[in-house]
Structures are given as structure tokens and as C-alpha cells.
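These notes are about the structure you will find just below.
Protein chains get the first letters and strands the later ones, always in sequence-line order, with residue 1 at the start of each.
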2 protein chains.
Amino acid sequence: MSSAGRPRDPEVDQRITRAAMTLFGETGWAGFAMEAVARRAGVGKASLYLRWSTKEALLTDALTASLPHVSDVDTGTLRGDLIELATQILDTYAGPSSRAAIRLMVEGRTIPGVAENYAATREAQIGAARAIVQRGQDRGELSPAVSVTLLLETLLGGAMMHALTAPPDGNAAHARRLVDFLLNAA
Amino acid sequence: MSSAGRPRDPEVDQRITRAAMTLFGETGWAGFAMEAVARRAGVGKASLYLRWSTKEALLTDALTASLPHVSDVDTGTLRGDLIELATQILDTYAGPSSRAAIRLMVEGRTIPGVAENYAATREAQIGAARAIVQRGQDRGELSPAVSVTLLLETLLGGAMMHALTAPPDGNAAHARRLVDFLLNAA
């Protein structure tokens, strides 16, 4: 977001992003510091400040890069879009960003300088997810009588619950089973 | 669990339990201390130690009292049991224990003296939830071909997602809508 300079080396950038997510997942905002992220990423502190002027900006960018991008989903069919959506959730909550993503649910609203962006991102993601289902209804793939909210809450919540409780394997296959189960309801 | 003495006054006990959940929700294990719980509950520290010899025991008891009791659910019908289950989840994640319950997901596994009990409770709850669906299948209320895992993950995940994203109102009515939507799929 408010990066001080343009990232130079995408590989270093990615290492920093991953380190930021891991640290935030482990310690939350209470233990989140530029120095600790730099150490964990194996880069100098100066190299971090070259890219991000504050830890708020760093965490915001790291979250944006690591969390699902619902607005990019558009496969042309409702089933395809929902499978892609479920796979994103499974990958997020069963992957290396899992703890950071859950922490964000608890702390996101209360971190100054991060909360505003978090709220805006959430709103945008909810809007994009609703648009996916509405496109399906417009194309006649789904009855307009179906509750968009119920379908999305059970899809996203079901994927999240699976990621948090089951061993992480075969996310794509599970996403298909989940979507077919729910489209059967709808 | 390992209370040093029997609770004397249930009202005081409840006040302490609530204070423990609120504090754990706000600060996580890092800020969880007997003194802070006592202050928040408006009781003396001695009064706390009379009941719980360690903060691990206090948090374990507070969680046990505040989180869903799946094994108590047995209304006689599958639909009734699932509605009760969904209501418990909605009440937990949209109520005053919400942040503590989510924190438990992130930190539960790593708190010494709490992790073991948390793992056992989780296992017991998953077992009780599966038993609910299996009883329904035995009574012929649900096809044995339905995936118990998918039904429970979408029910519990869907209720949790609703609690975390929608304004908290009408939990019982929402639980009925959710269950009817999913039983339609099954």
C-alpha cells in the first residue's frame, strides 16, 4: 500500500512477506516488529525500510499478497468459480498463512493502521463472492430463490472448518466435493 | 478440572469465568494472569486461588463452561439436534466468548497445561457431533450415503462464518434456515 520504495527483487520481497506472515501468526500484533521480520527473512533492517516505512504498511502488504483474491475469480461457470473460491480458502487456512489468517479474525479490527484496510478488503471480498453467485443466477445456473448468503457462508465456512480440522491434502478434490454437495442443496 | 477447592458461590464463580474468557479473548495467553482476572472480576486474588491453583486450571475450566456442549444434544430428531448444534455455535461465536473461542483455535495447541485438555475436548466434540448424524442415519432420517464430514463441516463452518460476519441476531431462526438448507442437500 504505502510502500516507501518499489520492491527491487521479487524473491526477497516474497521472503519478507512470508516471514511477516509467520511472525504475525506466531505472536500477533504484540510481537510484530520490523527487526524481528528482518531477522527471520534473513535480510537487513535497512532493506526492509527501503520497501516499507512502517510495520503497519508491511503487514498490510503481506496480508494482501497472502490472503485469497476473490475478485480475480471468473472461470465462466458458477461451479468453476465456487470450486476456485473453496480452493483459495482451503489453501489459506491449511497452508503456511493459516495462523496469520485466523489471528487476523481476532485482532484485525483493533490494529491501528491495519484495521481500515482489513475492513475494506473484507467488504471487497464479500462483494466479489456475492457477485460470483449473482452471475450464476443471471446465467440461469442457479435459482434466484436460493439464498446467496447461506450458500456462501456454508461454502466458505465449510472450507475453513475442513482446513482447520482435517489433515491438509487434496484441496482441489475436496473443493469439488464440497461445491457439488452444496449445489445439490441449492 | 484440577480445582484446588470446590466453588462456594456460583455467582462469583460465573463472574470469574466470564472475566477469564474476556481477558483471554483480548490478550491471549501472553496477557493471561491470575491477578488480571481477579481485578476484572472484582474479586480478591486469594478468592481465585481458593478455587484454582493455577491459571492453566482456571482457563481450562472457563473454556469448558463457556464453549459448546455437543455431547448434551439429543432432542430425538436429526433436524432438532442439528438446529441445537448450530445454535450453540452461533451463540459461541457471536456472543461474549467469541474472541476467546477464536483465539483458542490459534493458540490452543501451544499453551502448556491447556493444550492436552483442549485436544481431548475437541476430539470428544467431533465424536459427539458425528454420533448425532449417525443416530439420524440409524433412524432412517438421512441416507447412509451422505458424507457425515461434509454435512458437519458445512453446518458448523456455516454457523461460525455467519456469527463472525453478520450482526448477531435471531440465532435460533438462522440455525433453522441453515439446517433446512443443508438437509436439502443431503
(request) Could you tell me whether A/Glu35 atom CD has more than 12 heavy atoms of other residues or ligands within 6.0 Å of it? (result)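 No, not enclosed.
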(request) Quick one: which of A/Thr149, A/Leu150, A/Thr27 has the most heavy-atom pairs under 4.5 Å with chain B, could you say? (result)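 Result: the option with the highest number of such pairs is A/Leu150.
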(request) Provide the closest heavy-atom pair for B/Arg109 versus A/Leu164 in the form atom of the first, atom of the second, distance. (result)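 Reported closest heavy-atom pair: NH2-O, 4.2 Å.
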Can you tell me how far apart [atom1] ([X]) and [atom2] ([Y]) are? Round to the nearest 0.5 Å.
X        : Y        : atom1 : atom2 : result
B/Phe181 : A/Leu151 : CZ    : CG    : 5.0 Å
B/Leu156 : A/Thr165 : CG    : OG1   : 9.0 Å
A/Leu182 : B/Leu182 : CG    : CG    : 6.5 Å

Report yes if the side chains of [X] and [Y] come closer than 4.5 Å at any heavy-atom pair, otherwise no.
X        : Y        : answer
B/Glu153 : A/His174 : yes
A/Met160 : B/Met160 : yes
A/Glu26  : B/Glu107 : no

hydrophobic_cluster_shared for [Y] and [X], side chain cutoff 4.5 Å:
X       : Y        : value
A/Trp29 : A/Met21  : yes
B/Tyr93 : A/Ile126 : no
A/Leu85 : A/Leu90  : no

